[in-house]
Amino acid sequence: MNQNKKTADPSACVHCHLCQKSCVFLGKYGIDIGDTERLRELAMHCFLCGKCTRVCPRGIDGRDAILEMRRQAAEENKGRPKEKGYGMLLWEKRDYCFRNYKNAEGKSVLFPGCNFPSFYPETTRYLARLLRERAGMGTVFDCCGKPVAELGMQAGEARILAGIDKRLEQAGVEEVVMLCPNCYHFLKGRLRAKVTDIYSKLQELGLGQRVPGHLKVFPPCPDRRDKELLGKIRPFLEEEPLVEEDVQCCGLGGCASVREPRLAAELTEPLDREEAVCTYCASCSGAFTRKGYRAEHLLLKILGREETPDTKRSLLNRARSAYWREKKR
Ligand code: SF4
Ligand code: SF4
């Protein structure tokens, strides 16, 4: 089988155990992606990080296979996960309660997502103002729907995507500029509006500064395999970064920390606490900071901002974005 051709069908598994050896979750239970009966029971324990997909010689996409198992389980349970523990997440994200389209002016808008405004509220506003002043861009606060999709809730996912499309269309938006790698990879090619990323937009507008130093960079799960966004960040870096590949996930992936809190806490142990780790995902930098690591977001370095992740008031910051109204000058 051509390994570049991926399949979500685990029946091709030859039980070489490479996935089991590379994943803390599979290793804990002593199973391969091909052990579908047991995996189905444990589908909500997976971080959906995709590492198993990258190592499989049979081209089996373990992440997609497990996501499909989650979907089937939700289908059998009125569209919701059978397991408990996701009430708060669903309360917030199923019909995003901190949504704000009051600043949706212009044909191109910034889409900061949920977590960047939570951890970096000042920089979110700074960037929104900068893009408004320099390019006449607006800003919309919404959730891309990935958390709901990762719980296997397909009808909920479709509803969220249709809602975003409708609101953008009503506001006359033709281009959406993503800050978050999760939003970018989840929504790219799935909206009627063009989806692009903040690093390409900064380049286009001639904004942002070059960042010095030999940086250690942790790519977030959705960008880990192809490093598409890291490639767009690279022109801003003076030196080739050292890419951190040992850590499987920051611990927040796939909502798995609800079922596997200990594994989620231990995943980042290979990182050196004395050394700064750069990332380009606010969820990762928030998770690292909460665990006592020195996390730095590359976008802040490019913008010349000093803000550290506000882990204490993240929910409050997110809630405030629902009421933010940019004053016209
Ligand atoms: S790496 Fe692929 S072939 Fe090997 S055990 Fe895992 S799923 Fe099966
Ligand atoms: S997606 Fe990640 S956590 Fe899930 S089985 Fe694969 S490697 Fe393990």
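Start at 1 and go down the list; that is how both ligands and their atoms are numbered. Heavy atoms only: backbone and side chains are in, while hydrogens, waters and symmetry mates are out. Along the sequence shown, the residues carry numbers beginning at 1.
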Of Glu239, Glu240, Glu275, Glu296, the residue whose pairing with Lys216 passes salt bridge (Lys or Arg N to Asp or Glu O under 4.0 Å): Glu275
Proximal ligand 1 atoms for Asp32, defined as those under 4.0 Å from one of its heavy atoms: 5 (S)
Taking every non-hydrogen atom, the tightest pair across Pro219 and Tyr280: CB-OH, 3.4 Å
Side chain, backbone, both or neither: the part of Pro57 lying under 4.0 Å from ligand 1 by heavy atom: side chain
Atoms of ligand 1 close to His15 [distance to a heavy atom under 4.0 angstrom, numbered from 1]: 5 (S), 8 (Fe)
From the candidates Cys221, Cys249, Gly50, Gly27, the one that places a heavy atom nearest atom 1 (S) of ligand 2: Gly50
Under-4.0 Å heavy-atom contact with ligand 1, by part of His17 that carries it: backbone
Of the protein N/O/S atoms, how many lie under 2.8 Å from atom 8 (Fe) of ligand 2: 1
Per-atom contacts of ligand 2 with Leu48, taking only distances under 4.0 Å to non-hydrogen atoms: 1 (S), 4 (Fe)
Salt bridge Arg313-Asp310, side-chain N to carboxylate O under 4.0 Å: yes
Nearest protein heavy atom with distance in Å, relative to atom 4 (Fe) of ligand 1: Cys16 SG, 2.2 Å
Geometric cation-pi criterion Arg305 and Tyr126, 6.0 Å radius, 45° cone: yes
Ring centers of Phe116, His297 separated by less than 6.0 Å: yes
NZ/Lys166: more than 12 non-hydrogen atoms of other groups inside 6.0 Å: no
Cationic tip of Arg99 above Tyr101 ring, under 6.0 Å, 45° of axis: no
Residues Arg294, Glu274: salt bridge by 4.0 Å N-O rule: no
Glu204 atom CD: more than 12 heavy-atom contacts under 6.0 Å: yes
Residue and atom name of the nearest protein heavy atom (relative to atom 7 (S) of ligand 1), distance in Å to one decimal: Ile33 CB, 3.6 Å
Taking atom 2 (Fe) of ligand 1 as the reference point, the nearest protein heavy atom with its distance: Cys56 SG, 2.3 Å
Protein heavy-atom partner closest to atom 8 (Fe) of ligand 1 - residue, atom, separation in Å: Cys13 SG, 2.4 Å
Arg58, portion touching ligand 1 at heavy-atom distance under 4.0 Å: side chain
Heavy atoms from other residues, nucleotides or ligands near CZ of Arg134 exceed 12 (cutoff 6.0 Å): no
Cationic N near anionic O, under 4.0 Å, Lys146 to Glu150: yes
Contacts of type ring pair (Phe, Tyr, Trp, His ring centres under 6.0 Å), residue Phe218, not counting sequence neighbours: Phe288
Val14 to ligand 1, any heavy atom closer than 4.0 Å: yes
